[in-house]
Amino acid sequence: MSSTAAPLPGLTLGSLHVDTPVVLAPMAGITNAAYRRLCAEQGAGLYVCEMITSRGLVEGDQHTKDMLVFDDLETIRSVQLYGSDPVYVGKAAEILCAEYGVAHIDLNFGCPVPKVTRKGGGGALPWKRGLLAEILEAAVAAATPYDVPVTMKTRKGIDDDHLTYLDAGRIAQEAGCAAIALHGRTVAQAYSGAADWDAIAALVDHVDIPVLGNGDIWEAADAVRMVEETGAAGVVVGRGCLGRPWLFRDLAAAFAGERVATLPRLGEVTAMMRRHAELLCHHLGEERGCKEFRKHVTWYLKGFAAGGEMRRSLGLVDSLAALDRLLADLDPDEPFPVRELGAPRGRQGSPRDRVALPEGWLDDADGSGCHVQEDADETTGG
Ligand SMILES: Cc1cc2nc3c(=O)[nH]c(=O)nc-3n(C[C@H](O)[C@H](O)[C@H](O)COP(=O)(O)O)c2cc1C
């Protein structure tokens, strides 16, 4: 499928420019060096690392260091940082710039996981406007001497009665952030319902810095539509690319003015699976690489005829040789299941009745100097 439309410009974040206004959403447990490389092989974009914690980085935590691995071909190192303490965040930003040569730092203020919001972190934190400003200012102050742009990623708010995104946009702009990314859901919604693109448009109207729109982009055409409908400077794509790295090919084409929907036959999908597993094994060793690969199997095969026994075996794969044997049994000519186009994938879940928050959290909307406990081993994220 292909037709032509007017080309749109790339994405500029401070000193950084990428040719396509497309950002791979940071996804814990997914967007490691192997996955970023796999996606980058498909098309231009900004490919953000899994979230790491400021405390973990500052305290030299081994797990954190293990996550800060980049592929040799990764020319733009982009890292998402989690933090609720301005001092740790500032130090972590300094380390990322000075020791890891990063070109972009994104700060995560959208995590809906109760374990995180219960302490006032993640998506709960922007309620404390003063504290949010302190954190962003600390990161910008540390990154500016290195000319590294800082962005923030957030949700609409805690729930419909406690929206924070417009204030967060203003605060991010005043703090010197290069952009703000908005996932058009509240923390209470988690991943349920539909992303509110009107909120993205409202944020675009509210701030002068670039806004990156996020939520429910399943196809390249959705991304173009989001930009056209909201005025966003670019898009952040998460679940839509699970088991479909070629979506980045379609996205790059779409923003170059070409409408392309890649419909790979099963043979091309298995080649992509093999490439993904190979990259994971390259970065993590064969045993861990294969184990990590297992979680991607159902996404790659979604809608294809591969039977339960095959899926189960692939879900237990422990070597590249075993993977090759199994993939060889799949019919390479099976056409792409087009009914999957535009369909949600990945986690969806249900809304929460109540967001877990610290006692009295909503009573004060400033929170300057307030202490929010941050664990070094926080690994959830979005
Ligand atoms: C498995 C998974 C892990 C995620 N981890 C993070 C994370 O570490 N940091 C973050 O900011 N968002 C995280 N998110 C949220 C995504 O970045 C994104 O905001 C969300 O999925 C909505 O975009 P989508 O509709 O394109 O998926 C995660 C989402 C998923 C599905």
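Every number for a ligand or one of its atoms is a count from 1 in the order of the listing. Remember, predicted model here, so these are calculated numbers, not experimental data.
Contact atoms of ligand 1 toward Lys153: 10 (C), 11 (O), 12 (N), 15 (C), 16 (C), 17 (O), 18 (C), 19 (O) (distance under 4.0 Å to a heavy atom of the residue). When each atom of ligand 1 is checked for a heavy atom of Met51 under 4.0 Å away, the hits are 8 (O).
Residues passing the side-chain hydrogen bond (donor to acceptor under 3.5 Å, both in side chains) test with Asp366, sequence neighbours excluded: Ser368.
Residue Gly240 places no heavy atom under 4.0 Å from ligand 1. Taking a 4.0 Å cut-off on heavy atoms, Tyr191 registers as neighbouring ligand 1.
Residues Val317 and Arg294 form a side-chain contact, since some pair of their non-hydrogen atoms from C-beta on lies under 4.5 Å apart. With contacts defined as side-chain heavy-atom distances shorter than 4.5 Å, the pair Met272/Leu38 qualifies. By the 4.5 Å heavy-atom criterion applied to side chains, Phe70 and Val79 are counted as neighbours.
Clustering of Ile, Leu, Val, Met, Phe, Trp and Tyr side chains at separations under 4.5 Å places Leu11 together with Leu13, Leu16, Val18, Val23, Leu46, Val48, Ile76, Leu212, Val236.
Side-chain polar atoms of Thr262 and Asp250 form a donor-acceptor pair below 3.5 angstrom.
By the rule that hydrophobic residues join a cluster once side-chain heavy atoms approach within less than 4.5 Å of another member, Phe304 and Leu341 end up as members of one cluster.
When heavy-atom distances to ligand 1 are checked against a 4.0 Å cut-off, Met27 comes that close through both its backbone and its side chain. For Asp216, heavy-atom contacts with ligand 1 shorter than 4.0 Å involve the backbone as well as the side chain.
Between Pro26 and ligand 1, at least one N/O pair is under 3.5 Å apart. An N or O contact shorter than 3.5 Å is missing between Arg347 and ligand 1 by distance. Taking distance alone, with nitrogen or oxygen atoms compared against 3.5 Å, Gln80 approaches ligand 1 more closely than that limit. Ligand 1 has an N or O atom lying under 3.5 Å from an N or O atom of Gly238, backbone or side chain.
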